[in-house]
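Beneath this line is the structure, given in structure tokens, with notes to follow.
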Amino acid sequence: MLLTIYMFHNISFASKSDEKGFWYSFQNYWNETIMISKSNHKRSHIYLSSDKKLVIFGDLTHKSVLNIPDTMEVTRNFNLTINSDGYISPSTIVWKSNKKHIKYVQTIQLGWGIYQLKEE
């Protein structure tokens, strides 16, 4: 597990500037944060900052920061809480792509850290 996390960190920073790379890194950080929450039996957070253009994953002891590409923006700030069992409350997050002139609608499903991403 630690080897996977180490390898992921090296890959994600190399491809963070484009939208496809962003979503790949986002999914990996998302899964990592849920896994850490469950294994440590602690709450974690995923904070999306529209003004600073970044996403912060983690808790007080472990944080990962992902920059939002210049071609994208999240429509408002979000603070998602991951409970110690991996549960996340349902939410909908709207992202805008200035490059593709589309919206990404990210729907967090009721339950255990699953989301769907649709382009509109």
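Just the heavy atoms: all of them, side chains too, but no hydrogens, waters or symmetry mates, feed the values below. Only a predicted model underlies this, so the values are computations on that prediction, with no experimental measurement involved.
A search for side-chain hydrogen bond (donor to acceptor under 3.5 Å, both in side chains) contacts involving R43 returns N83, not counting sequence neighbours. W95 meets the side-chain hydrogen bond (donor to acceptor under 3.5 Å, both in side chains) test with Q106; sequence neighbours excluded. Remark: S44 pairs with T33, S37, D59, I82 by the side-chain contact (heavy atoms from CB on, under 4.5 Å) rule, at least two apart or across chains. Listed by chain and residue number, nothing satisfies the side-chain hydrogen bond (donor to acceptor under 3.5 Å, both in side chains) test with N40 (two or more places apart in sequence, or in another chain). Legend: residues meeting side-chain hydrogen bond (donor to acceptor under 3.5 Å, both in side chains) with T75, ordered by chain and number and at least two apart, are absent. When the side-chain contact (heavy atoms from CB on, under 4.5 Å) test is applied to K103, the partners found at least two apart in sequence or on another chain are V94, K96, E120. Judged as a ring pair (Phe, Tyr, Trp, His ring centres under 6.0 Å), and not counting sequence neighbours, F78 has no contacts. Under the side-chain contact (heavy atoms from CB on, under 4.5 Å) criterion, S49 pairs with Y47, D51, K52, L54, N77, not counting sequence neighbours. Partners of T107 by side-chain contact (heavy atoms from CB on, under 4.5 Å), not counting sequence neighbours, listed by chain and number: T92, V105, Q109.
W30 and F57 have their aromatic ring centers separated by at least 6.0 angstrom. Here F22 and Y29 keep their ring centres 6.0 angstrom or further from each other.
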request  = Kindly determine whether I56 and I46 satisfy side-chain contact (heavy atoms from CB on, under 4.5 Å), including the steps that lead there.
outcome  = CA-CA 6 Å; I56 301 171; I46 300 173; over 6 Å; no
message = Please evaluate residues E19 and T71 with respect to the criterion side-chain hydrogen bond (donor to acceptor under 3.5 Å, both in side chains), reporting the C-alpha separation (whole Å), side-chain torsions for both, the decisive distance (0.1 Å), and the verdict.
response = CA-CA 8 Å; E19 292 180 18; T71 60; 2.8 Å; yes
message = Apply side-chain contact (heavy atoms from CB on, under 4.5 Å) to residues L48 and N79 and explain how you reach the verdict.
response = CA-CA 6 Å; L48 292 80; N79 187 15; over 6 Å; no
task = Let me see the working for S64 and E32 under side-chain contact (heavy atoms from CB on, under 4.5 Å), right down to the final yes or no.
result = CA-CA 10 Å; S64 298; E32 177 187 24; 4.0 Å; yes
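More than 12 heavy atoms of other residues, nucleotides or ligands lie within 6.0 Å of NZ in K53, so this atom counts as buried by the packing criterion.
Looking at heavy atoms from C-beta onward, H45 lies out of side-chain contact with L80 at the 4.5 angstrom threshold. Residues N28 and F26 are not in side-chain contact: their nearest non-hydrogen atoms beyond the backbone lie 4.5 Å or more apart. Between I93 and V74 the shortest side-chain heavy-atom distance falls below 4.5 Å.
Between atom NZ of residue K100 and atom CD of residue E119 there is a gap of 5.0 Å, rounded to the nearest 0.5 Å.
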